[in-house]
Amino acid sequence: MFNVFSRRTVLGAVVSLAVATGAAHASTATDFVNSFGGRLATVVNSGKSLDEKKKEVLPLLKENVDITGIGRYCLGKYWRTATPAQRDKYISLFDQVLVNTITDQIGNYQGVSFRVTTTTSTPEGERVNALIDRPGQPEVNMQLIIGGNPPKVVDMYGEGASLRMNQRGDYSSYLARHNGDVDALNAALERQLTHHQ
């Protein structure tokens, strides 16, 4: 139903972390990318089954990606009008949908190389630019926004677009068509998760 972030782009971002090997210069953001990436690389490049990899990647994502912050941002103005129960349910569902999107094809990524090219300060946080080389495919330019204390991934840019902005647009359009009913969005996310199983 919802294209919760472009699979190719979001997986590219996560895998770029997983194979991080160096940084343009030392900074909190690049240190974070290299640390998180080193831990992910151990899982992604292992010979374990996809199910085992998913189980090991899950806590790393929850620790290093600001899922709640991204989810709240994606709900936009409707966050303010949602009840606490609607918010809790939405965040729980958003968490599951985002994690499924990231982990579904993580086993398909092998032999990927990555290098940080630059880091830039932005109002959102440090923008870490990376080039991702995938065997037999064109090189991809990916940007990760790292913010907070402790640092976490707060947004990802691929193909020139903010992933959380795209998702916010999708959710806002859906909610506008359903009279701002967050329960309707939650029900749609539940259906998406049911179809995923």
Side-chain angles (χ1 to χ4, degrees), residues 2-20 28-46 48-76 79 82 84-109 112 114 124-128 130 132 142-158 162-168 170-171 182 185-186 189-190 192-194 196-197:
F2 295 109
N3 180 20
V4 176
F5 308 139
S6 155
R7 280 180 183 258
R8 180 165 61 109
T9 306
V10 78
L11 288 168
V14 171
V15 171
S16 75
L17 289 172
V19 294
T28 301
T30 53
D31 288 347
F32 166 81
V33 168
N34 287 317
S35 172
F36 180 26
R39 294 163 68 196
L40 279 172
T42 302
V43 177
V44 172
N45 295 326
S46 75
K48 295 179 179 178
S49 72
L50 181 55
D51 284 342
E52 289 175 305
K53 287 182 182 183
K54 285 183 179 184
K55 286 177 187 168
E56 291 186 27
V57 164
L58 182 61
L60 294 177
L61 295 176
K62 289 184 178 288
E63 179 185 343
N64 294 286
V65 178
D66 185 7
I67 296 172
T68 299
I70 293 170
R72 182 175 175 165
Y73 183 90
C74 291
L75 198 58
W79 180 265
Q86 287 173 324
R87 290 177 183 175
D88 289 346
K89 185 169 186 179
Y90 162 75
I91 289 297
S92 174
L93 293 166
F94 181 84
D95 180 312
Q96 293 173 62
V97 170
L98 180 60
V99 167
N100 284 348
T101 300
I102 293 170
T103 61
D104 271 351
Q105 297 181 24
I106 207 156
N108 294 337
Y109 283 82
V112 178
F114 161 89
E124 304 166 290
E126 289 289 310
R127 182 187 297 246
V128 179
I132 305 160
M142 175 64 59
Q143 298 90 41
L144 303 171
I145 306 298
I146 311 301
N149 187 16
K152 291 189 175 192
V153 176
V154 297
D155 197 6
M156 295 168 263
Y157 282 76
S162 159
L163 298 176
R164 67 180 186 169
M165 283 289 288
N166 285 347
Q167 197 58 43
R168 183 175 181 157
D170 287 350
Y171 285 1
V182 175
L185 176 63
N186 285 340
L189 292 174
E190 283 182 320
Q192 183 175 348
L193 288 167
T194 300
H196 178 270
Q197 294 172 350

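Model, not experiment: these values are computed from the prediction.
- In this structure, the side chain to side chain contact (heavy atoms under 4.5 Å, CB included) partners of K89, at least two apart in sequence or on a different chain, are L93, N186, E190.
- Note that CD1 of I145 and CG of D66 are 13.0 Å apart. Values are rounded to the nearest 0.5 Å.
- Looking only at side-chain heavy atoms (C-beta outward), Y90 and R72 stay at 4.5 Å or farther from each other.
- In terms of heavy atoms, K53 sits closest to K48 at CE-O, 3.4 Å.
- A82 and R87 get closest at one heavy-atom pair: O-NE, 3.5 Å.
- How far CZ of R168 is from OH of Y73: 4.5 Å, rounded to the nearest 0.5 Å.
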*Go through the steps for I91 and W79 under the test side chain to side chain contact (heavy atoms under 4.5 Å, CB included), then give the verdict.*
CA-CA 10 Å; I91 289 297; W79 180 265; 3.8 Å; yes

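- Here L189 contributes atom CG and L98 contributes atom CG; the two are 11.5 Å apart, rounded to the nearest 0.5 Å.
- Using a 4.5 Å heavy-atom cutoff, the side chains of R127 and Y157 are in contact.
- With hydrogens and angles disregarded, a donor-acceptor distance shorter than 3.5 Å links the side chain of D155 to the backbone of R164.
- Taken from NZ in K62 to NZ in K152, the straight-line distance is 10.0 Å, to the nearest 0.5 Å.
- Atom CD1 of I146 sits about 11.5 Å away from atom CG of D31, to the nearest 0.5 Å.
- One finds the NZ atom of K55 at 11.0 Å from the CG atom of L50 (value rounded to the nearest 0.5 Å).
- Across all their heavy atoms, I67 and F94 have their closest contact at O-CE2, 3.7 Å.
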